[in-house]
Protein chains: 2
Amino acid sequence: MEQRSAVNIANSLEHMIFDGTFADGDRLDEVRLAEQFGVSRTPLREALQRLESSGLVTLIPRRGAFVRQPGPLELLEMFEVMAELEAVCARLAARRMSNEALEELREANIRCQMASEAQDSDLYYAENERFHATIYRESGNSFLEQESLKLQKRLRPFRRQQLRFRGRMAQSLTEHEAIVAALTSGDSNAAANALRDHVTVQGERFQSLMAGLKAAAS
Amino acid sequence: MEQRSAVNIANSLEHMIFDGTFADGDRLDEVRLAEQFGVSRTPLREALQRLESSGLVTLIPRRGAFVRQPGPLELLEMFEVMAELEAVCARLAARRMSNEALEELREANIRCQMASEAQDSDLYYAENERFHATIYRESGNSFLEQESLKLQKRLRPFRRQQLRFRGRMAQSLTEHEAIVAALTSGDSNAAANALRDHVTVQGERFQSLMAGLKAAAS
DNA sequence: AACTATCTTCTTGTATACAAAGTGATTGAC
DNA sequence: GTCAATCACTTTGTATACAAGAAGATAGTT
């Protein structure tokens with residue numbers, strides 16, 4: 001696992017938290033991780049602080065760093081905010097979007113469709129992210145774009161699960177087409193509502209998934 | 001200036017950036033600041049990293065830390081996002097808000113009115129922030145609340161200038177009353193629009209201020 | 001005289017050493 | 001036998017020492 005540099009370590013740890021190497025509440029031992037990465041404690045502590053600022057870790061003074069996975073309630077809240085953020089992006093983009101960008105959206109959608117037909121959820125997810133990121137960009141507000149990308153990244157591991165559901169990719173595609181149609185006609189409200197609903201569906205799916213798991217556990 | 005602990009240093013530096021001790025683009029010398037605060041470079045670097053994550057400083061590898069004040073364009077973008085965030089808060093709060101919280105808003109508004117009559121813009125600003133923060137809280141979404149508070153904090157020094165304008169406090173008060181009325185009647189759309197407009201006004205005021213400065217400089 | 005290359009110096013990034021605080025275990029007293 | 005207090009050990013926080021890279025100056029060449 002020999003790897004250098006503080007920011008790379010943060011990315012590696014982030015990935016390890018996402019893929020389940022560390023569970024919620026796990027304590028991240030500085031000296032242990034430092035020797036695993038082949039560095040000293042200094043850059044590792046820097047990495048932990050970066051993870052804290054992106055919300056994946058809580059740093060308790062004199063106690064250490066603990067993995068902090070958002071619980072069901074917080075995830076729902078984050079999905080709600082994501083839906084509203086994307087709705088704002090869509091509303092702005094409907095007025096400001098160029099024809100080239102609209103074409104870009106359609107092309108991304110075609111690639112989504114191919115991925116859907118191939119039942120390749122990984123590819124679908126990648127193209128889906130590009131679809132959404134294009135709308136963020138076309139909001140014409142780069143601060144909004146950055147904030148949206150940040151939240152998108154944070155919700156990535158949870159959004160990804162949604163696509164495993166049977167028929168979800170096809171439904172998602174249909175929603176994408178409605179979004180493109182609204183953006184093409186320049187209808188701000190329709191675009192905002194379409195995108196809000198599109199994201200909200202994922203939050204609700206997630207909610208039912210959590211409810212199912214809870215029921216199975218009891 | 002002798003002061004201890006990394007997080008306190010971050011707050012002090014933040015304050016120094018806000019009050020103009022450091023100008024935009026200034027390089028923050030680690031050793032110089034370290035001895036000014038009476039600590040070593042280690043906690044000071046930690047503070048700089050915190051400031052980077054909150055957007056007040058950019059860390060260029062092997063080059064140093066530089067103060068990063070948002071320019072006019074970025075500020076307008078941030079005001080636009082703030083307006084939309086608060087609109088979302090209002091829309092959610094209109095449905096979820098308790099009677100106690102509504103009473104809290106009215107009381108905050110009364111204190112705003114007293115501050116306005118006393119022409120005390122500092123007091124007005126403090127009470128105004130509480131008014132807004134109450135709405136964030138009553139959105140019932142603590143993630144949204146936290147994000148709104150973060151952006152509110154970041155825009156604080158710029159919002160504050162607005163109140164110096166003649167008649168702005170009185171106008172702001174009138175808008176507050178419209179917001180309370182919409183929230184009381186539970187009208188989500190009216191509340192969202194009222195709050196969006198209320199914040200957007202500040203962004204536009206800021207824009208005209210910047211335009212004025214620019215014209216005066218040329 | 002101007003441009004380039006190298007060397008020196010200054011600054012950042014990393015490692016290690018040290019100090020302080022917290023946790024747990026062991027021992028003593030009730 | 002149980003509870004509490006003290007002591008030891010573990011772990012975080014900070015300082016210092018060291019390494020590496022970037023900027024600037026000086027000298028040499030064209």
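We name chains A, B, ... by the order of the sequence lines, and we start the count at 1 in each one.
- Atom pair B:Arg41:CZ and D:dC18:C1' shows a separation of 11 Å (rounding to whole Å applied).
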Item checked: From CA spacing to verdict: side chain to side chain donor-acceptor pair (under 3.5 Å), B:Glu52, B:Thr58 -> CA-CA 6 Å; B:Glu52 191 211 19; B:Thr58 49; over 6 Å; no
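- B:Ser139 and B:Asn141 are not linked by any side-chain donor-acceptor pair at a separation below 3.5 angstrom, with hydrogens and angles left out of the test.
- Checked by atom type, the side-chain pair A:Gln146/A:Tyr136 shows no donor-acceptor distance below 3.5 Å.
- Under the 4.5 Å side-chain criterion, counting only non-hydrogen atoms from C-beta, A:Phe37 is not in contact with A:Asn8.
- Nucleotide D:dT12 holds its P atom 13 Å from the CZ atom of A:Arg32, rounded to whole Å.
- A heavy-atom distance below 4.0 Å to DNA chain D is reached by none of the residues of residues 44-57 of chain B.
- Under the 4.0 Å criterion applied to side-chain N and carboxylate O atoms, A:Glu138 and A:Arg95 are not assigned as salt-bridge partners.
- For B:Ile60 and D:dA23, the CD1 to C1' distance is 14 Å, given to the nearest whole Å.
- Residues A:Asp26 and A:Phe66 have side chains not in contact (no heavy-atom distance under 4.5 Å, counting atoms from C-beta outward).
- Applying the 6.0 Å contact sphere to CZ of B:Arg156 captures more than 12 heavy atoms from other residues, nucleotides or ligands.
- One can place CG of B:Leu59 at 18 Å from P of D:dG21, the figure rounded to the nearest angstrom.
- Residue B:Thr42 places no side-chain N or O under 4.0 Å from the OP1 or OP2 atom of D:dT14.
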Contact list (N/O, under 3.5 angstrom) for nucleotides 8-11 of chain D vs protein:
unit_1	atom_1	unit_2	atom_2	d
D:dT11	O3'	A:Arg27	NH2	3.1

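- Seen from the ring of B:Phe165, B:Arg205 counts as a face-on cation partner, given the 6.0 Å and 45° thresholds.
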